[in-house]
Every structure is written in structure tokens, then in C-alpha cells.
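In what follows, a structure is listed as C-alpha cells, so that the remarks can point back to it.
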Amino acid sequence: VTGPTAPPGAPQTRQGEFEDFVRARSGALCASAYLLTGDRGLAEDLVQDALARTWRSWKRLHQTANAEAYTRRIMYHLHVSRWRRTKVAEISTETVPERAGREPDTALRLAVHAALLSLPPTQRAAIVLRYFEDQTEVAAAAILDCPITTLRARVQRGLRRLRNRFPELVLGDADAQLAQWERDLNAEKGERRA
Amino acid sequence: VPESIRSLLHDIADDGSQPSRDLASGAYKRARTITRRRFAIGAVSVVTALALGGAGTAGLLGRDDEALPSPADPTTTQEETTEEETDEGLTCNVSVEDWEGLDFSFQPRGESEAPATLTEIPDETLWRGVDGDVESATLMLSGDESSVIDVGDYLYYPAPDGDRTIGAYKPSGCGDVYMELHDAGAEAAPVFSMDTVACPITWSPDSNKVVFSESAGERSYVLDVSTGELFDLPEELYCTAKWLPDSERLWDNQGNVVAYDGSGTEQVAVIEDDPEEGGYYIGSGVSADLGEACIHETEGDSPGWRCDRYFDLETGEEIDLPVVGGPVDGEVRQVEFLEDGSMLIFNQIGSTEATLYLVGPDGELVDELELPEGMIPFDSQLELLSWSTG
């Protein structure tokens, strides 16, 4: 692998700062991207595209320390946009083979990842933001540019699908949240009937 | 053994957390490609005869956002998600490619009136001021008075005839931009919504056609407002399509010329990037007869379509611009070529002096206008977006 080559004319200090940022944060970004895409190559493509946009805005971003938030936001938007047209990550849970000889926990990880990838991209992104990145509802909604109610609905639907597929899955505090949502929904339906 | 969703996600993500390639290097290359294809935010370009006169302008400036039709109909973008919704893909980002599935067609508006030939500097002009951080504001200059028109949640892209306008509703709940078409005195019509994208939305000089882009799929389209027809442009014109003065053809920043229906690619000569010099060369304008062209030199984000070098395409030689001459350090030029062979030349010196010249087909000075003192926002460069021919 050869070293980075900045566009001619780019000041060395800006380039150095950007490369420090990439070194420090690309692992975390790739991890999220891998959850979203299910493929290491696609994940790196996604992160690279987001970083390209970050580099173009680096002069503005590095002064305000917003580079990571900006990159993350761009990455999620690119992911959702790409999926709509290409559906590169459309993987049915039914297509995941039961691989003989796999350790049980590995098999479960594969199956859960496949189930995650089978969700619509907006639901998948909402779950990754909330339960992998531990973003608050407000922060996750801001990253996805949607109202909090929409974010909640996406998380709720995604978790319900995962739960239906894997009843043994422990959702932790999401369990309580999901139960509360169910109660709210049932109450609302009751009010409508009344 | 039951496992928590959190620990499982972290275990899965570990498999993808070590990048196998040099992402910074790839990002630089990708950024270069993006810069070629997508100019900076605010570089809404070069429509050669936009007009802001009459009821259209008045309607724009006096418009109350609350009075506009809801972006939710028919392409719901704002409503809170409800339990009954099952397919989020249809409630956000309704692409023009989905029109058929939604049984939506654009109603033809008929031909606009032909734009008048410029014989003097127009009374009304539209500008964009972009500062060093690529923040922008849209300003209208009417006589000696300038005013900022980026107000509320809509951005406006007025057509040359002053009647038609594309309104872009920004704060959709789905992260997209909702577009609608306004006619003076007629009800606004929903058009489409699309992913947020920093590509130019430009009207043809005859006000009958508009170019817009969708980042999903990376396509640019021409909507013929007069007939309701929609055309998909070739890939090389994504985010780069500029109208030629005849309203019939478009070209990209690398010299490809196509008819507005996407047919008949033709190549005009532009200079190649010089790796020794660094930076990118971008075709920023071409005359109606394809005889002369402007080149913009940039190292990355650009505040607009600039004419840094001017070429005779027949001989390949660099030539001086009429009236203002050859390149001068500290001066920024923009050229708008008109269908009759004349041109508008904008020349800005620092942050204080800016002049707009109307130059005739033979290079003679026809009229000039010094922009009012104080119109240039602090540390900004101005870009001429459009002008009234009414």
C-alpha cells in the first residue's frame, strides 16, 4: 500500500491533519459501515466516499472539530441513498446457509447480521445508531435527518423483526422500550376503537 | 445462551473494523472525481437569460411559506411515520423514476415567451455570495437596492421569464429536498423529492426546460416544462450540465455537448489538466457558436463558475477577454455567453469593487454597472446567477 497522495497544492498541514483523523477514526467508521453493508469491501467503499466529502470540506470542518460527526452523517446518507437504487445489501435471512461445524455463537452472529441486513436500510441504520453506536434518539434522528417519532418507529419495527426471527435474543433496555411501545400502540388502538 | 443485541453487534462489527486499504489515499482520488462532477454548494450556474421581472419576482419576495401547498401531497415527505406505513421507500425520496408507479405525470405548461435580447445591463439581477467557508446567500439587485432572498424553508430557482420558479423545500423529514413548480397566478404543482444534493438546478434560457439531479443513482434529468416530457441525461453530465445559449444543447465541464433530450454527444476542445501545475481545469462556459470557451482553475471547492482563462477553440490559443483583458492577480471574472454572440462579463476586485459589463458580438462595450458599495458580503465572492429580460 502506498502512502496517501494529496491533490497538488493542498497545504501540508491540512493534509497531515486529515490523515491523522483518518488513522484515528477509520476503524470505528468501518465497523459501523460493515454492520450496514455486510461486506468489508463495500464498507470500505462507503467510508472512503464519506471521507472524500470530508476532505473537500476539511478547511471548514477541522476548525470546528466536527469532522467525525460530518463523516458519519454523510456515511449514513450515502448508505441509504445507494441502497434505494442498487440494493447491494439486500440479503434475505432465508439465504444464509447453516454452516456445519460453526461454533454456536458464530452461527448466531452470522444469522443476526443477515437478519439485520434484511431490514430496510433506514431501520438498519436506526438500530446501528442506537444499539451499536449508542447514540441518543435525538442524535440518531439528527444524523438521519428525520423526526424522532420516525426514528422510534424505525427502531421499533426493526427490533420487532429481529425479535420475531430470534425470540431468544436479549434486547436489554430495548426490551423494556419495545414493551412500552407495544403498550402505547395497543392503548392507541383501543382508543381508536372506542 | 441468550445474547444481547449490543454485544452481538459489537462482535459482528469487529470483523469489519480493520480497513484493508489506505482510505485517505482513496479519499483524495475520490474527492478529485467529485470536484470534477459536482461544483461547490452555491455554484448554481449559468443560465444565460434568467429573468426576475414582474409578478414572479413579487411573488417570490412576498411569499409566505405557510401558504404553500404541503410537500406531503402526493409525495409525502413530512408526515410522522405511523404504524400503518409499511414501505418507507415510497414515503421518502420520491424519484422521478417513481412517477409512473405513482401514476403521476407532469402536466404540460406550454411555451414561455421568448427572452428579449439584451441592449443594456438588466435592471434586476440575481447573485450568490459565497464566503471562504462556502456558506452562501442569494441576493437580488434591483436598481441600486440589494436584498437577500434566502428566507424561510424554501430556496427559489427562478426561470428567465420571471413567471416560473422551482421551489426547493429543504427541511423535509426524510433528509431530502422537495421540489415544486410555481407559475405566476397559477397553483403550485408538486414535482418530486430527492436526496439532498449540491448540484445546480438550472433553467434553460427560454424558460421551457429545467435541469436537476438526483444523488441516488447519480443521474441528471431535463424536465421539459412546456411539454411535460422528462429526459435522462448521459452519465457524464451528472451534476455538470450547463445550458448553451440556444436552449437546445447542454455541455459538461469536460467539453461534451449533447442535445437536451440526451442524444448526439459532440466533443469540443478543452485544455487538459496539467499535473505539473496542479489543480483542476473545468470548462465554465462556451459561446453559442462553440468558438470560444472559458476555463476555471480550482484546487478543490470553488465559489462559482469562473473564467480564469479564455480560449479560442479553433486555434487553441489563449486570448484576452474583451474590455477587461487578460488574467490579473486579485481579479475574479465570470462570463455569461448570450445567444446573439454578446456576453456579460462580471469582474470583481477584492471584496470591495465589482462591475458587470455587457459586451456586444464584436467585443465592443455596450453598457456597464458598478455594483453598489456594501453589496459584497464580507470576505465573499459574488456569482451572477440570472437576470431579467422582461
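Numbers restart at 1 for each chain; the letters A, B, ... are given by sequence-line order, proteins then strands. None of these values were measured; they are calculated from a predicted model. Any value given below was found using the heavy atoms of this structure, including those in side chains, with hydrogens, waters and symmetry copies removed.
- Residue Gln48(A) holds its CD atom at 8.0 Å from OG of Ser25(B), rounded to the nearest 0.5 Å.
- Between the side chain of Arg21(B) and the backbone N or O of Gly41(A), at least one donor-acceptor pair lies under 3.5 Å.
- Relative ring orientation between Tyr28(B) and Trp55(A) is described as perpendicular, the plane-to-plane angle rising above 60° on a 0-90° scale split at 30° and 60°.
- Heavy atoms closer than 4.5 Å to chain A are found in both the backbone and the side chain of Asp15(B).
- Ala24(B) and Val22(A) get closest at one heavy-atom pair: N-CG1, 3.9 Å.
- Between Ile5(B) and Arg163(A) the shortest side-chain heavy-atom distance does not fall below 4.5 Å.
- Residues that satisfy the side chain to side chain donor-acceptor pair (under 3.5 Å) test with Ser26(A), not counting sequence neighbours, are absent from this structure.
- Heavy atoms only, all atoms of each residue included: Ala31(A) and Ser17(B) are closest at CB-CB, 3.9 Å.
- Atom NE2 of residue His113(A) and atom CD1 of residue Ile12(B) lie 5.5 Å apart, to the nearest 0.5 angstrom.
- Taking CZ from Arg6(B) and CD from Glu133(A), the interatomic distance works out to 12.0 Å, rounded to the nearest 0.5 Å.
- For a residue to count as touching a neighbouring chain, one of its non-hydrogen atoms must lie under 4.5 Å from one of that chain's; by this rule Leu35(A) touches chain B with the side chain only.
- Between the CD atom in Gln18(B) and the CD atom in Glu44(A) there is a gap of 10.0 Å [rounded to 0.5 Å].
- With rounding to the nearest 0.5 angstrom, the CG atom of Leu9(B) is 10.0 Å from the CG atom of Asp134(A).
- Both the backbone and the side chain of Phe132(A) come within less than 4.5 Å of a heavy atom in chain B.
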